[in-house]
Amino acid sequence: MSLKNNYDVIIIGGGASGLVAAYEAAHNSQSVLVVEKGHNLGGSGNYIEGAFAVDSFMQKKHADYHLTKEAALNEELNYSHYKADTNTWKQYIDGSADIIIKWLKDLGVEYFDVEPLGSGARTWHLFKCRGDAVINKVLAPKAKENGADIVTSTEVTKLITENGAVTGVELKNLENNEVSTVNGKHIILATGGYLNNKKLIADYTNYDANQLIPVNSNENTGDGLSLAWNAGAQRYAMGMAMCSSAVTSKIHTVQSTFTVTMN
């Protein structure tokens with residue numbers, strides 16, 4: 001694909017978040033470039049089962065659903081030991097039913113039910129064919145229909161700055177190692193977490209990276225963090241880990257394995 005020299009919006013990462021942003025920007029007449037380092041779009045988003053929302057049309061069909069927005073907010077804040085940003089979570093919960101569920105449904109995303117996650121409330125809106133169908137059959141095609149350019153097997157190696165502002169990106173084609181630059185008015189980092197980067201896990205968490213079994217696309221290496229830091233961003237709020245523990249015993253030894261996603 002021949003890329004333009006200038007875009008209104010450059011999105012680094014072609015997963016769920018990146019393609020939501022791509023569709024919205026392109027739908028609102030912005031020129032858009034999505035850069036994905038993997039061979040395929042979606043990343044870890046291809047494996048997600050569903051989406052969280054409060055007070056959706058699907059939940060209201062179930063008589064056992066009684067969760068309030070206030071209760072949902074308090075649950076998230078308690079879970080994070082109040083490290084989560086209260087205002088961000090409140091906005092997310094307030095808009096989740098219409099923006100997350102109805103918006104996706106109107107785009108063509110299909111659901112088959114809304115279920116509890118474990119022993120929790122009925123908040124898990126399950127996609128037909130998981131996130132792969134949402135990303136690769138709805139969001140990416142819709143973004144392209146609205147004019148977005150999407151490239152894969154391409155890595156952003158540097159954010160270009162001028163007078164303290166980010167003005168573009170340096171690209172590396174991973175198939176032929178060709179390097180190029182593209183200008184952008186707005187740059188969105190949508191590269192996911194850093195669970196597949198053992199050094200960052202060691203430096204910024206209390207976990208032993210050698211005992212973690214990541215459940216993701218293996219591409220969450222903290223690229224966005226590194227790009228931002230190298231451009232002058234400050235290290236702050238490195239996120240939290242969501243762990244599921246499985247304990248197995250053999251004779252007199254007990255071994256714990258943690259399956260983790262990093263937000």
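All residue numbers in this chain count up from 1 along the given sequence.
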Participant: Nearest 0.5 Å please: distance from the OG1 atom of T205 over to the CG atom of L212.
Facilitator: 7.0 Å
Participant: Could you report the tightest heavy-atom contact between A25 and V9, atom names first, then the distance?
Facilitator: CB-CG2, 4.2 Å
Participant: Among V32, I11, I12, V34, which residue meets the side-chain contact (heavy atoms from CB on, under 4.5 Å) test with I188?
Facilitator: I11
Participant: Looking at residues at least two apart in the chain, or sitting in another chain, which of them share a ring-ring contact (aromatic ring centres under 6.0 Å, His included) with Y111?
Facilitator: F127
Participant: Carefully, step by step, assess D203 and K199 under the rule side chain to side chain contact (heavy atoms under 4.5 Å, CB included).
Facilitator: CA-CA 6 Å; D203 290 346; K199 185 177 188 308; 2.7 Å; yes
Participant: Is K4 atom NZ crowded by more than 12 heavy atoms from other residues, nucleotides or ligands, each under 6.0 Å away?
Facilitator: yes
Participant: Are K90 and E70 packed together at the side-chain level, in the sense that at least one heavy-atom pair is separated by less than 4.5 angstrom?
Facilitator: no
Participant: Check whether any side-chain heavy atom of V114 lies under 4.5 Å from a side-chain heavy atom of W124, and answer yes or no.
Facilitator: no
Participant: Do other residues, nucleotides or ligands put more than 12 heavy atoms under 6.0 Å from E145 CD?
Facilitator: yes
Participant: State yes or no: do V151 and I10 share one hydrophobic cluster built from I, L, V, M, F, W and Y residues joined by side-chain heavy-atom distances below 4.5 Å, directly or via other members?
Facilitator: yes
Participant: Using the ring of each side chain (for Trp, its six-membered ring), is Y92 parallel, tilted or perpendicular to W89, with breaks at 30° and 60°?
Facilitator: perpendicular
Participant: Is the side chain of N173 donor-acceptor paired with the backbone N or O of E175 at a distance under 3.5 Å, no angle test?
Facilitator: yes
Participant: Please evaluate residues Y204 and W229 with respect to the criterion ring pair (Phe, Tyr, Trp, His ring centres under 6.0 Å), reporting the C-alpha separation (whole Å), side-chain torsions for both, the decisive distance (0.1 Å), and the verdict.
Facilitator: CA-CA 14 Å; Y204 297 109; W229 292 337; 5.7 Å; yes
Participant: State whether a side-chain donor-acceptor pair under 3.5 Å links T152 with H39.
Facilitator: no
Participant: Same cluster or not: are V179 and L33 linked, directly or through other Ile, Leu, Val, Met, Phe, Trp or Tyr residues, by side-chain heavy atoms under 4.5 angstrom apart?
Facilitator: no
Participant: Given the rule that I, L, V, M, F, W and Y join up when any side-chain heavy atoms are under 4.5 Å apart, are L227 and L174 in one cluster?
Facilitator: no
Participant: Might you confirm whether atom CG of N87 has over 12 heavy atoms from other residues, nucleotides or ligands at distances under 6.0 Å?
Facilitator: yes
Participant: Quick one: do D223 and K37 make a salt bridge, cutoff under 4.0 Å?
Facilitator: yes
Participant: Between E115 and L126, is there a side-chain heavy-atom distance shorter than 4.5 Å?
Facilitator: yes
Participant: Return the minimal non-hydrogen interatomic distance between A84 and L77, and the atom names on each side.
Facilitator: O-CD2, 3.8 Å
Participant: How long is the span from the OH atom in Y47 to the CZ atom in R130, to the nearest 0.5 Å?
Facilitator: 11.0 Å
Participant: Where do S217 and G43 come nearest, in terms of heavy atoms and distance?
Facilitator: CB-C, 3.5 Å
Participant: Any side-chain to backbone donor/acceptor pair from Y65 onto D55? Under 3.5 Å, distance only.
Facilitator: yes
Participant: Is there a continuous path of hydrophobic side-chain contacts, each under 4.5 Å between heavy atoms, that joins I150 to L189?
Facilitator: no
Participant: Is E155 salt-bridged to K172, going by a charged N under 4.0 Å from an acidic O?
Facilitator: no
Participant: Is it true that N183 and T167 share a donor-acceptor pair across their side chains at a distance under 3.5 Å?
Facilitator: no
Participant: Check the pair Q91, T86 against side chain to side chain contact (heavy atoms under 4.5 Å, CB included), reporting the backbone distance first and the verdict last.
Facilitator: CA-CA 9 Å; Q91 290 184 58; T86 303; over 6 Å; no
Participant: Given L73 and V54, is the side chain to side chain contact (heavy atoms under 4.5 Å, CB included) satisfied, shown in steps?
Facilitator: CA-CA 10 Å; L73 176 62; V54 180; over 6 Å; no
Participant: With rounding to the nearest 0.5 Å, note down the distance linking CG in D8 to NZ in K185.
Facilitator: 4.5 Å
Participant: Are K105 and F57 packed together at the side-chain level, in the sense that at least one heavy-atom pair is separated by less than 4.5 angstrom?
Facilitator: yes
Participant: How far apart are the closest heavy atoms of F52 and S96, and which atoms are they?
Facilitator: O-CB, 4.2 Å
Participant: I would like to know whether S44 and N220 meet side chain to side chain donor-acceptor pair (under 3.5 Å); could you show each step before the answer?
Facilitator: CA-CA 8 Å; S44 299; N220 297 92; 2.9 Å; yes
Participant: Any chance you could measure I100, atom CD1, to H125, atom NE2, to the nearest 0.5 Å?
Facilitator: 10.5 Å
Participant: Start with the C-alpha gap between N5 and V182, add the side-chain angles, then the distance that decides, and say whether side chain to side chain contact (heavy atoms under 4.5 Å, CB included) holds.
Facilitator: CA-CA 5 Å; N5 292 323; V182 179; over 6 Å; no
Participant: State the CD1-CG distance between I135 and N40, to the nearest 0.5 angstrom.
Facilitator: 11.5 Å
Participant: Taking C-beta and beyond as the side chain, do K69 and D94 meet within less than 4.5 Å on heavy atoms?
Facilitator: yes
Participant: Of all the heavy-atom pairs spanning L19 and G14, show the shortest one and how long it is.
Facilitator: CD1-O, 3.4 Å
Participant: Does S56 use its side chain to pair, donor to acceptor, with the backbone of Q59 at less than 3.5 Å?
Facilitator: yes
Participant: What's the spacing between N46 CG and N216 CG if we round to 0.5 Å?
Facilitator: 12.0 Å
Participant: Taking a hydrophobic cluster as the set of Ile, Leu, Val, Met, Phe, Trp and Tyr residues connected by side-chain heavy atoms closer than 4.5 Å, whether directly or through intermediates, do V20 and V35 fall within one such cluster?
Facilitator: no
Participant: Flag the pair V169 / T181 as yes when at least one side-chain heavy-atom distance between them is below 4.5 Å, and no otherwise.
Facilitator: no
Participant: How close do L171 and L3 get, counting heavy atoms only, and between which atoms?
Facilitator: CD1-CD1, 3.9 Å
